[in-house]
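Written below as structure tokens is the structure these notes are about.
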Amino acid sequence: MIILGIESSCDETSAAVVRMEQGKRQILSNIVASQIETHRLYGGVVPEIASRAHIEAVSRITYEALEVAGVSLSDVECVAVTSHPGLIGALLVGVNFAKSLAYSRNIPLVPVNHVKAHVAAAYLEYEDLEPPFLALVVSGGHTSFYRVDGYTDFCEIGSTRDDAAGEAFDKIGRVIGMPYPGGAAMDKLAYEGDASAIKLPSPALMGDTLDFSFSGLKTATLNYINSERQKGVEPSHEDITASYTRTIVDAIVKKTDMALSASGARSLVLAGGVAANSHIRRGLTELCEKRGVHFCKPSMSLCSDNAAMVAAAGYFEYLSGNFADTSLNASAAD
Ligand code: KG4
Ligand code: ZN
């Protein structure tokens, strides 16, 4: 089946054509128009600007995705679109575009949850992957563990109680002068510092819980930076980044170890933009090797927001009969 995926939940407009059949999953195209340069001026995503940029890009990106895939609109058998969660104005652009396309071609329209789509990215590269498994979604908006009991059946078993890991990286990145979003640059800089230079509080909450809290870590790091600056000293950005990253990686590895035990899962899927972090990937690779768990870590282009993952998730929603009509609305909430 040929599925057209549309994604516009935050600051990336994306369209993809994916062929999904039993035992065969093929990305025919996956076009992403990033607005990062526009939002960088403001140090973060400006929702109104994001919506306008999606309107300008969505049609062009979709035609490009069809062209690169070598298919025409009449070959598309289903339209899958991110309908929630995300920025409401941004989501509405993709949802309305997808509704019009599906209605005009008289083909099924499938609404997709953005977080489930991040997890579904793994199906595109790990053809033998099937539920049940444990998923860890780490992105700019989410840090959660899910027990994935079926292709569309998710149960959240742990999550952050405040900020997401991506926000935590971006915030400290900004304070030490990195352009938005600082996550990828911090990944590189962490190799140049001493990871044990600064003692920071762990974002892994104490006890049996699988929850995180990143706000205490952020505040402690900001306090350290400010107190050094008050002494007239600019603290080492390399040491801050290395220590901060080590603290986050240790917490993620610790809670993943607990989540694997609690769920009894034999496979772990890592998903979301922060899944591109090489330190997290290495820490979880070591953990999975030690535990004999199959570790699925999608390639970088499938970690950040893209429409191929939306089409993949849409396929399974289609199989479970989760269709929408022209009354479909977007929702900012999960
Ligand atoms: O999943 P995503 O593309 O968008 C959301 O749905 O949130 O994630 C974006 C987040 C940003 O916070 C960005 O800084 C972070 O992913 N990120 C990284 C890395 N690459 C992207 N964080 C840490 N290390 C990276 N290599
Ligand atoms: Zn995302």
Side-chain angles (χ1 to χ4, degrees), residues 5-14 16 30 32-37 39-40 43-45 47 50 54 81-88 90-91 94 112-122 135-144 146 159-160 162-176 178-191 203 214 217-218 240-242 244-249 251-252 269-284 297-310 312-313 332-334:
I6 309 275
E7 157 65 36
S8 69
S9 65
C10 190
D11 58 349
E12 259 105 28
T13 322
S14 180
N30 190 16
V32 181
S34 175
Q35 307 169 7
I36 281 181
E37 292 303 328
H39 297 292
R40 194 161 273 165
V45 178
H54 285 306
V81 63
T82 304
S83 58
H84 64 291
L87 300 172
I88 189 67
L91 285 163
V112 167
N113 174 304
H114 182 78
V115 180
K116 286 184 175 178
H118 269 301
V119 175
L136 168 59
V137 180
V138 267
S139 73
H142 289 83
T143 301
S144 297
Y146 297 93
S159 108
T160 177
D162 39 55
D163 306 316
E167 270 175 286
F169 275 118
D170 295 344
K171 173 74 187 180
I172 297 303
R174 187 173 171 174
V175 172
I176 60 172
M178 283 171 180
Y180 169 84
M186 287 190 83
D187 188 348
K188 288 202 193 81
L189 193 65
Y191 285 101
F214 288 90
L217 168 65
K218 257 173 40 181
I240 292 166
T241 306
Y244 193 70
T245 302
R246 153 105 47 106
T247 308
I248 291 177
V249 173
I252 286 178
V269 168
L270 180 63
V274 183
N277 186 278
S278 62
H279 309 271
I280 296 175
R281 287 166 95 90
R282 199 181 53 232
L284 291 178
K297 43 179 190 305
S299 45
M300 304 298 184
S301 61
L302 289 176
C303 287
S304 51
D305 290 349
N306 68 90
M309 69 184 196
V310 177
D334 278 353

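Note that ligands are numbered from 1 as they come in the structure, with each ligand's atoms numbered from 1 the same way. Because the structure is predicted, anything quoted here is derived from the model rather than measured. In what follows, residues are counted from 1 in the order of the sequence shown.
- At under 3.5 Å, a nitrogen or oxygen of D305, whether backbone or side chain, sits near a nitrogen or oxygen of ligand 1.
- The contact set between ligand 1 and H114, taken as ligand atoms under 4.0 Å from a residue heavy atom, comprises 6 (O).
- Atom 15 (C) of ligand 1 has as its closest protein heavy atom V274 CG2, 3.9 Å.
- With a 4.5 Å cut-off on side-chain heavy atoms, L302 and N30 count as touching.
- Ligand 1 places these atoms under 4.0 Å from at least one heavy atom of P181: 14 (O).
- Using a 4.5 Å cut-off on side-chain heavy atoms (C-beta onward), R281 and M300 make contact.
- In terms of N/O distances under 3.5 Å, ligand 1 is approached by G183.
- Of all protein N/O/S atoms, those lying under 2.8 Å from the Zn ion (ligand 2) come to 3.
- Among the atoms of G140, some N or O lies under 3.5 angstrom from an N or O of ligand 1.
- Near G141, the atoms of ligand 1 lying under 4.0 angstrom from a non-hydrogen atom of the residue are 7 (O).
- To the nearest 0.5 Å, atom CG of residue L87 and atom CG of residue D11 are 8.0 Å apart.
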Q: Starting from the C-alpha separation in whole Å, work towards a yes-or-no answer on side-chain hydrogen bond (donor to acceptor under 3.5 Å, both in side chains) for H114 and D334.
A: CA-CA 9 Å; H114 182 78; D334 278 353; over 6 Å; no

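- Neither the backbone nor the side chain of H142 comes within 4.0 Å of ligand 1, counting heavy atoms alone.
- Atoms of ligand 1 lying under 4.0 Å from any heavy atom of G166, numbered from 1 in the order shown and given with element: 12 (O).
- Of all protein heavy atoms, the one lying nearest to atom 13 (C) of ligand 1 is D170 OD1, 3.8 Å.
- Of the N or O atoms in E12, none lie within a sub-3.5 Å distance of an N or O in ligand 1.
- At a heavy-atom distance under 4.0 Å, only side-chain atoms of D187, from C-beta outward, approach ligand 1.
- The closest donor-acceptor contact from the side chain of N306 to the backbone of S304 lies under 3.5 Å.
- The H118 neighbourhood of ligand 1 comprises atoms 1 (O), 6 (O), with distances under 4.0 Å to a heavy atom of that residue.
- By the 4.5 Å heavy-atom criterion applied to side chains, I248 and V274 are not counted as neighbours.
- Residue contacts with ligand 1, taken as heavy atom pairs separated by less than 4.0 Å, do not involve M186 at all.
- Checked against a 3.5 angstrom limit, the closest N/O atoms of E167 and ligand 1 fall outside it.
- Using a 4.5 Å heavy-atom threshold, the side chains of K218 and D163 count as touching.
- Annotation: G273 places an N or O atom under 3.5 Å from an N or O atom of ligand 1; distance criterion only.
- Annotation: atom 24 (N) of ligand 1 to nearest protein heavy atom, N277 ND2, 3.0 Å.
- To the nearest 0.5 Å, atoms CD (E7) and CE (M309) are separated by 5.0 Å.
- Residue-ligand proximity, S304 to ligand 1, at heavy-atom distances under 4.0 Å covers atoms 3 (O).
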